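Read through the structure below, which is laid out as structure tokens, and then see the notes.
Ligands are counted one by one from 1 in listed order, and the atoms in each one are counted from 1 as well. Fair warning: this is a prediction, and the values are worked out from it, not measured in the lab.
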Amino acid sequence: MTSKLIRTLEAKRVVPLVQSDDVGTALKISEALLAGGLDVLEVVLRTDAALDCLEAIAKEFPEAHIGAGTVLSADQCKEVIHRGAGFIVSPGLDEKSVSVANDANIPLLPGIATATELQQAWNWGLRTVKFFPASLSGGPKMLKALSSVFRDVRFMPTGGVNPANLNEYLAVPAVLACGGSWLTPKDAIEKGDFKVLTQLAEDAIKIASA
Ligand code: 3PG
């Protein structure tokens, strides 16, 4: 993983998920999060418009770090790289995706939830992974156990992270940053209340820097 992305993740410590079926809305979501100080965004491939949203956000906010999430295959990796993703996040491990990302020199964080999966990722040369679904896979205690064995691995826990437990995850030294959808609540987005997102971003930064 490029050290530039690691440095950015270390500085912000929170990665919001951007999900929308409309490019205009995705741009407003991104603008609101950037206004709140979060400039690493993960655009998830969970809507038909996700690739267009990714491309539009990457073009509109070139100074931000725009990645693609929920990337499930090597073909999707190629597509998100083509659309401007600066990093890739997957829910699980896929060797072909790892090799596409390596060839393109784009950091990929695959999801792992067990020691066996992490050992597989480690043997493919990966040292930064997503821990998913974090809360159901043992939370901060599991991260401590994994990091005591895999001493050179950094984690991005995602799945069940929220303002109430963010601190606990970030207190684990091996945790680089946490990802989550709590920063982009559906109801506020549907109401067009993007100020809520800016406030949540500011609050998350406060918690992370406390
Ligand atoms: C992910 O894709 O990383 C998770 O679905 C996010 O989980 P959360 O909605 O619990 O934050």
Legend entry - Pairwise distance CG(L41) to CG(L34) - rounded to 0.5 angstrom: 5.0 Å
Inset, instruction - Report yes if some heavy atom in the side chain of V196 is under 4.5 Å from a heavy atom in the side chain of P185; otherwise report no. - result: yes
Inset, instruction - Please state which part of L17 comes within less than 4.0 Å of ligand 1, counting heavy atoms only: side chain, backbone, both or neither. - result: side chain
Legend entry - Heavy atom of G160, distance to ligand 1 below 4.0 Å: yes
Inset, instruction - May I ask you to check if ligand 1 and W182 share an N or O to N or O distance below 3.5 Å? - result: no
Legend entry - 4.5 Å side-chain heavy-atom contact, V172 and F155: no
Inset, instruction - With heavy atoms of F132 as the reference, note each atom of ligand 1 found under 4.0 Å away. - result: 1 (C), 4 (C), 5 (O)
Legend entry - N or O contact, T70 vs ligand 1, cut-off under 3.5 Å: no
Inset, instruction - Look only at the side chain of K12 and the backbone of G37, and say whether a donor-acceptor pair between them is shorter than 3.5 Å. - result: yes
Inset, instruction - Of the side chain and backbone of R46, name the one, both, or neither that has a heavy atom under 4.0 Å from an atom of ligand 1. - result: side chain
Legend entry - Ligand-residue contact atoms, ligand 1 with G180, heavy atoms, under 4.0 Å: 11 (O)
Inset, instruction - Using a strict 4.0 Å cut-off to heavy atoms of K130, name the atoms of ligand 1 that fall inside it. - result: 1 (C), 2 (O), 3 (O)
Legend entry - N165 (side chain) donor-acceptor with S135 (main chain) under 3.5 angstrom: no
Legend entry - Heavy-atom nearest neighbour in the protein, as seen from atom 9 (O) of ligand 1, with distance rounded to 0.1 Å: S181 OG, 2.5 Å
Legend entry - Per-atom contacts of ligand 1 with T158, taking only distances under 4.0 Å to non-hydrogen atoms: 1 (C), 3 (O), 4 (C), 6 (C)
Inset, instruction - Look at the side chain of T198 and the backbone N and O of A32, then say whether any donor-acceptor pair between them is shorter than 3.5 Å. - result: yes
Legend entry - Closest protein heavy atom to atom 7 (O) of ligand 1, given as residue, atom name and distance to 0.1 Å: G159 CA, 3.3 Å
Inset, instruction - Return yes when atom CH2 of W182 has more than 12 non-hydrogen atoms of other residues, nucleotides or ligands closer than 6.0 Å, and no otherwise. - result: yes
Inset, instruction - Give the cluster check for F150 versus V129: same hydrophobic cluster or not, with ILVMFWY residues linked at side-chain heavy-atom distances below 4.5 Å. - result: yes
